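Data first, discussion second: the structure below is written as structure tokens.
The model shown is predicted, which means the values in this text are computed figures rather than measured ones. Every chain is numbered from 1 and lettered A, B, ... according to where its sequence line falls, protein lines coming before strand lines.
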There are 2 protein chains.
Amino acid sequence: MPRQVDHESRRRLIAEAVCRLAGEGGLEGVTLRDVATRAGVSMGAVQRCFRTKEEMLLFALRYVGDRVGERVRANLVRSPAQSAATALGHAATEVALLREEHRAEARVWLAFLAQAVVAESLGRVVRAGYAELSRNFVRLVAEAAPGADPEREARALLALADGLTVHVLIGHLTSGEAQDVLHGYVAGLWERCSAGGDAR
Amino acid sequence: MPRQVDHESRRRLIAEAVCRLAGEGGLEGVTLRDVATRAGVSMGAVQRCFRTKEEMLLFALRYVGDRVGERVRANLVRSPAQSAATALGHAATEVALLREEHRAEARVWLAFLAQAVVAESLGRVVRAGYAELSRNFVRLVAEAAPGADPEREARALLALADGLTVHVLIGHLTSGEAQDVLHGYVAGLWERCSAGGDAR
DNA sequence: CCTTATTCGATACACCTGCATCGCAACGTG
DNA sequence: CACGTTGCGATGCAGGTGTATCGAATAAGG
């Protein structure tokens, strides 16, 4: 067996090239040739790692999805140290990808999102990602705001975070404004249910 | 001057073909040839109406943006008859494009949105649309919830509506769940500020 | 009637796409 | 050391893309 290369690490290398390209020019700007160039390998290598372009995109999508999910989970495990409410705020901020250094990641995510609406294979992956996020959020909400309906509040928070991400990407909101909105919302949630019964 | 055709109506005809195609296969599935076929004209006619593809997409984007904005505005003018809070709910529901018959429009909008992040020309149009929506929402919030910070609440509501739209399109939420979240949020907003001061 | 301006449909063109193929180089094993 | 297996880079290929061009059909003005 000659020339054994670590396929998995190469796949990650290529996935990162995909992400950088998608962040710059959207998913339509992702070409096998450009990916190969950007990753510093030849087209043949890309073709050996992924039988087809769709397979490559699916891998890249899981790659970024996992990274975001991982960060949220990391936030969760060190949440006991903080109040559940602030943990919720941090998690939402994380999901909203508001920090400047995650802007590229957010662009990639939106590009995949738009494609996932019309491509069922991507849709499945995206849904799975959101399902896990949702579970985590429900848990956090139940802990932080025992009075409210956790399912609904979690859905609202997740949707709000995503909407804010999009609005920041578009340039309709600044990152600071979005953070302010998110912070205000979480504070309101905490206030509403610490006051007693569920809202509505 | 021979064979005078109504260019404007033909442009709208083509824009609708663009929307139908974008709703089915995303913006990448929009081809000049397919557009011409779908609109029932020849490629030459499309090229006479729009010098370039980008020009065509821009027109189509404004076309759907105007339609949504128009519906929101129509909701606004007949709002005096209803409470400002329910008017706000209706407007948000309208923006979220939750009704089944607007699902296609929502897909088109998301397709444009994703492209607008990386194409400045589309971005300007999208931002302009959101700016107008935002103004209307601020007015409604100020009327419905005098206690709260209208700017921030309007931003939150708009982002929430958009986020819900995306989650419904992806299949993470059903239309009913989204409507429930939206309704709950508006109710909470009303409750929070009718109780007195702004939240936080 | 003939000219002329305008629209339209078809086609040509250059380019780019994803995928398949093929020869060469690299390596562990006999 | 030879050898065969495996990876890889380059190139070929068929299809599709946006745009430019061109001839024909049409309808007004002289």
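- As a whole-Å value, the separation of A/Asp34 CG from C/dG18 C1' is 13 Å.
- Following rounding to the nearest Å, A/Arg48 (CZ) and C/dC24 (C1') show an atom-to-atom distance of 13 Å.
- The distance between atom CG of A/Leu32 and atom P of D/dG9, rounded to the nearest whole Å, is 15 Å.
- Checked by atom type, the side-chain pair B/Ser175/B/Glu100 shows no donor-acceptor distance below 3.5 Å.
- Between the CD atom of A/Glu55 and the P atom of C/dG18 there is a distance of 15 Å, rounded to whole Å.
- Here the rule is salt bridge (charged side-chain N to carboxylate O under 4.0 Å, His left out) with A/Glu132, and of A/Arg62, A/Arg73, A/Arg139 only A/Arg73 fits it.
- Nucleotides of DNA chain C nearest to B/Arg10 and A/Gln47 differ in position, and the one nearer the 5' end is that of B/Arg10.
- Residue B/Thr31 places none of its side-chain N or O atoms closer than 4.0 Å to OP1 or OP2 of D/dG16.
- In this structure, A/Glu28 atom CD and C/dT17 atom P are separated by 12 Å, rounded to whole Å.
- Residue-level contact check: A/Val30 touches the backbone only, with heavy atoms under 4.0 Å from sugar-phosphate atoms and none from bases.
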Working note: B/Leu169 + B/Arg103, criterion side-chain contact (heavy atoms from CB on, under 4.5 Å); need CA distance, chi angles, decisive distance, verdict. CA-CA 8 Å; B/Leu169 285 180; B/Arg103 195 65 50 88; 3.6 Å; yes
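- Between A/Ser42 and D/dC8 there is no side-chain polar atom (N or O) within less than 4.0 angstrom of OP1 or OP2.
- Atom CZ of B/Phe50 and atom P of D/dA20 are 16 Å apart (whole Å).
- Residue B/Met56 contributes atom CE, which lies 9 Å from atom P of D/dT19 at whole-angstrom precision.
- Nearest-nucleotide mapping onto DNA chain D: of B/Arg33 and B/Gly44, the residue sitting toward the 5' end is B/Arg33.
- Distance CD1 (B/Ile14) to P (C/dG9): 11 Å, rounded to an integer number of Å.
- Judged by the 6.0 Å and 45° rule, B/Arg12 forms no cation-pi pair with B/Tyr63.
- No donor-acceptor contact under 3.5 angstrom links the side chains of A/Glu153 and B/Tyr185, judged on distance only.
- Residue contacts for A/Arg51: at a heavy-atom cut-off of 4.0 Å it reaches no nucleic acid atom on any strand shown.
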